[in-house]
Protein chains: 2
Amino acid sequence: MDNQPLPAARQRLLDAGLELLLERGYHGVGIQAVLDASLTPKGSFYHHFRDKEDFALQVIDAYMAGVHGALDVSLADVSVPPLERVRGFFGLVAGGYAKDGYLGCLLGGLGQELSGVSPVFAQRIDGCLSYIADRLAEPLDEARSVGDLPPSTDPKALATRLVDCWEGAALRSRLSRDPAPLREMLDFFFHAATRE
Amino acid sequence: MDNQPLPAARQRLLDAGLELLLERGYHGVGIQAVLDASLTPKGSFYHHFRDKEDFALQVIDAYMAGVHGALDVSLADVSVPPLERVRGFFGLVAGGYAKDGYLGCLLGGLGQELSGVSPVFAQRIDGCLSYIADRLAEPLDEARSVGDLPPSTDPKALATRLVDCWEGAALRSRLSRDPAPLREMLDFFFHAATRE
DNA sequence: CATCATCTAGACCACTCGGTCTAGACCAAA
DNA sequence: TTTGGTCTAGACCGAGTGGTCTAGATGATG
């Protein structure tokens, strides 16, 4: 059902929306701006999306598709030590941030802006972050098994902490348009987590 | 010069703005909503503030005045061990979050929403976070001196990491309207930082 | 060709936005 | 009492918003 190639206009709108929402936020982007950026008339927009909220939620889905890909790529190679697989994931993500000029993470941006008034967005984005933590918990558990993390480690809790702290570092990176907070946060985190 | 009591209307507007901006964000709050919430006519608003941007920046100043107060209160008592002073600060901040129903931190909220398009807000908010880290670096340095932190600790870097990770936990707390991410993040952080 | 659903095209609408403007209330000083 | 600055009061404005509507282009199928 989803295997047919996406209509061109729909894909153009999602691509433009991803870029614009990351830069300007939900209320900072008018539908007209998305239309202009993607050279698409308004009729097409409302054919493919129910309204602006539906559009933004589908942009989040598109963003998460990229995250899923990065997770699959990073965590698949079991010949790499588990902690390095986790770091590799964040390396891929940071590489994505670089392409946008270090505007941080769409989940953090929309989450901050909308979660005060929209339970729909709040739950959706909270679920996305939980999903990432769940995926990361597996290699962390493996790392504990092979002795790369202390036996007292709770992999799920550690993964949640890692994702949360990453979002904080992503905010700081966005404020300063600088990748340094991301790398420094990972250095601290892995240094700290491996001690006990 | 600043010692005279603030005009009542100005204070009412700032109070209402703080609450509304935290909940709905910059573009989610119209000036009319601030006027309605503070029972103030529009003429007063534009008498006291140049425009909406100026207003939001002054709301940030008001927010930071509270942070300064919390820092002063928490860090002053040298009879308390330095690491407990730092934790005490975050305890006060978390208590403030509780009063709003765990909507997180205004700096994180406005920072995410506006830093993509407004260098003014980006630099202002980055400066606020840096200031907090600077203040926290002092007790962390003291903790290192008395042996509560490893000698290899870089107090300024550790303080910056702490503030960044706190902002990430505050986002998560906002998404779920739950204080747990805040406490868990602090537990992890202090456990980790005190190991070598 | 004829039919019909899908998608493009953009004019149009009601409404809200940030911001301006004028009028007047209030009060201290002359 | 008159003056003049500060602050309140809200009508008003142009621009832009999200969303609707009708018309037509397109393309697969009978």
Side-chain angles (χ1 to χ4, degrees), chain A residues 1-21 23-60 62 110 113-114 116-121, chain B residues 1-60 62 109-110 113-114 116-121:
Chain A
M1 179 190 281
D2 273 346
N3 292 343
Q4 301 134 28
L6 284 170
R10 179 192 164 87
Q11 193 59 51
R12 286 202 316 270
L13 287 164
L14 288 174
D15 289 344
L18 185 49
E19 193 171 329
L20 288 171
L21 287 174
E23 180 181 312
R24 307 188 202 168
Y26 184 83
H27 290 111
V29 175
I31 288 167
Q32 193 58 52
V34 180
L35 304 179
D36 294 346
S38 60
L39 302 175
T40 307
K42 190 171 265 192
S44 299
F45 182 95
Y46 282 96
H47 174 75
H48 291 289
F49 306 99
R50 188 179 356 102
D51 53 21
K52 191 186 181 185
E53 172 177 313
D54 177 50
F55 175 66
L57 288 170
Q58 293 201 40
V59 168
I60 292 175
L110 294 183
E113 181 179 356
L114 299 174
V117 283
S118 168
V120 174
F121 279 97
Chain B
M1 179 188 284
D2 272 349
N3 292 344
Q4 302 135 29
L6 283 171
R10 178 191 165 87
Q11 193 59 50
R12 286 202 317 271
L13 287 163
L14 288 174
D15 289 343
L18 185 48
E19 193 171 330
L20 288 170
L21 287 174
L22 180 62
E23 178 180 313
R24 309 189 201 168
Y26 185 83
H27 289 111
V29 175
I31 287 167
Q32 193 57 52
V34 180
L35 304 180
D36 294 345
S38 60
L39 303 176
T40 308
K42 192 171 262 192
S44 299
F45 182 95
Y46 282 96
H47 174 76
H48 292 290
F49 306 99
R50 192 182 348 105
D51 53 21
K52 191 185 181 185
E53 173 176 314
D54 177 49
F55 174 66
L57 288 170
Q58 293 201 40
V59 168
I60 292 175
L110 294 183
E113 180 178 357
L114 299 173
V117 283
S118 166
V120 175
F121 279 96

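Here is how names work: the chains are called A, B, and so on, in the same order as the sequence lines, proteins then strands, and each is numbered from 1.
- Taking every heavy atom of both residues into account, A:Thr40 and A:Ala9 meet most closely at CG2-CB, 4.4 Å.
- Remark: P of C:dT8 and NZ of A:Lys42 are 16 Å apart, rounded to the nearest angstrom.
- Following rounding to the nearest Å, B:Leu21 (CG) and C:dG18 (C1') show an atom-to-atom distance of 15 Å.
- Here the shortest heavy-atom pairing between B:His27 and B:Glu113 reads N-OE2, 2.9 Å.
- Here D:dA9 presents its P atom at 10 Å from CG of B:Leu39, a figure rounded to the nearest Å.
- When all heavy atoms are compared, the tightest approach of B:Phe55 to B:Gly17 is CZ-CA, 3.7 Å.
- Taking every heavy atom of residues 46-60 of chain B and every atom of DNA chain D, pairs under 4.0 Å involve B:His47, B:His48, by number.
- Screening residues 37-49 of chain B for salt bridge (Lys or Arg N to Asp or Glu O under 4.0 Å), with sequence neighbours left out, gives no hits.
- Cation-pi geometry between A:Lys52 and A:Tyr46 is not met at under 6.0 angstrom from the ring centre and within 45 degrees of the axis.
- Looking at B:Arg24, its side chain never comes within 3.5 Å of a backbone N or O of B:Val29 through a donor-acceptor pair.
- For DNA chain D, the residues of residues 23-35 of chain A within the heavy-atom distance limit of 4.0 Å (strictly under) are A:Val29, A:Gly30, A:Ile31, sorted by number.
- The two residues B:Leu110 and B:Tyr26 have their closest heavy-atom pair at CD2-N, 3.9 Å.
- Closest non-hydrogen pair, A:Ala37 versus A:Leu20, comes out as CB-CD1, 4.0 Å.
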